[in-house]
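Scroll down for the structure; my scribbles are underneath it.
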Amino acid sequence: MIAAFHCCEAGGYERMQLVEQSAVADPAEDEVSSPSGIEKVPSVIQFSAPLYLCAEADGQLVAHVLRIGDATQKASVRYTTVDASAKAGHKYEHKSGTLIFEPGDIVKDICVPLYQDERWDATLEFQLTLDNAK
């Protein structure tokens, strides 16, 4: 899953927009029959919103990641930032890692530090991807 964040500094705000926003854990690993014979729904891991707004002065973008479906088991998803017109080290700090959802966890945050400068930029973009949901 790839989420593209579009950053517009017009009026002092950056606009972050998700293009795609969900990943499904491998159904073969998650579909288990319960004692009642009803199959559990696999976890879906996705961003919480299609649009994020922030200003460089905020210091960071916080992207909320939700787990929907079966929250009784441990789940995980990898994430990473990818350069587009905004470059890591100049406009934001590159981040990558794995979010771990323990049983009962349904929300995790990815924090991406933003770098503030005096330069005006019409539109800046970087991507935040989720993949390998388990």
Side-chain angles (χ1 to χ4, degrees):
M1 179 187 80
I2 297 175
F5 291 87
H6 300 283
C7 311
C8 302
E9 293 183 80
Y13 289 95
E14 296 184 51
R15 189 178 80 158
M16 311 296 188
Q17 182 177 6
L18 295 168
V19 175
E20 291 184 33
Q21 64 174 11
S22 63
V24 179
D26 184 358
E29 294 178 13
D30 287 344
E31 288 182 9
V32 178
S33 293
S34 67
S36 65
I38 299 172
E39 288 185 4
K40 292 182 180 179
V41 175
S43 290
V44 174
I45 300 176
Q46 66 180 33
F47 293 100
S48 65
L51 182 67
Y52 288 93
L53 295 172
C54 66
E56 282 184 350
D58 292 344
Q60 68 180 352
L61 163 71
V62 179
H64 306 290
V65 180
L66 305 177
R67 176 170 65 165
I68 301 168
D70 181 14
T72 63
Q73 303 296 316
K74 189 173 183 176
S76 66
V77 66
R78 290 188 319 198
Y79 67 89
T80 192
T81 57
V82 179
D83 283 353
S85 57
K87 305 299 182 200
H90 297 282
K91 285 298 189 177
Y92 71 96
E93 182 179 318
H94 171 73
K95 288 291 192 177
S96 65
T98 301
L99 296 177
I100 306 292
F101 291 85
E102 296 294 336
D105 288 348
I106 58 170
V107 178
K108 294 288 180 177
D109 291 338
I110 300 171
C111 298
V112 179
L114 302 174
Y115 298 144
Q116 185 172 0
D117 60 22
E118 300 303 316
R119 185 176 161 197
W120 181 86
D121 300 292
T123 301
L124 297 177
E125 301 175 358
F126 65 95
Q127 295 180 337
L128 182 57
T129 65
L130 296 178
D131 66 29
N132 200 29
K134 295 181 181 182

From V107, I110, L128, residue fulfilling side-chain contact (heavy atoms from CB on, under 4.5 Å) relative to V65:
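The single option meeting the side-chain contact (heavy atoms from CB on, under 4.5 Å) with V65 is I110.
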
Quick one, [X] and [Y] - any side-chain contact, counting heavy atoms below 4.5 Å?
{"X": "H94", "Y": "S96", "answer": "yes"}
{"X": "C111", "Y": "K95", "answer": "no"}
{"X": "L114", "Y": "Y92", "answer": "yes"}
{"X": "V82", "Y": "F126", "answer": "no"}

Distance check, rounded to the nearest 0.5 Å: [X] atom [atom1] versus [Y] atom [atom2]?
{"X": "D109", "Y": "Q60", "atom1": "CG", "atom2": "CD", "result": "9.0 Å"}
{"X": "D105", "Y": "I100", "atom1": "CG", "atom2": "CD1", "result": "10.0 Å"}
{"X": "R78", "Y": "L99", "atom1": "CZ", "atom2": "CG", "result": "12.0 Å"}
{"X": "D117", "Y": "K91", "atom1": "CG", "atom2": "NZ", "result": "3.5 Å"}
{"X": "Y79", "Y": "T98", "atom1": "OH", "atom2": "OG1", "result": "7.5 Å"}
{"X": "I45", "Y": "L130", "atom1": "CD1", "atom2": "CG", "result": "8.0 Å"}

Looking only at atom types and distance, does a side-chain atom of S43 sit under 3.5 Å from a main-chain N or O of G69, one as donor and one as acceptor?
no

Partner residues of E118 under the side-chain contact (heavy atoms from CB on, under 4.5 Å) criterion, sequence neighbours left out:
none

Looking at Y115 and E93, what are the two nearest heavy atoms and their distance?
OH-CB, 3.4 Å

Identify the heavy atoms of R67 and K74 that sit nearest to each other, and give their distance.
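The answer is NH1-C, 4.0 Å.
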
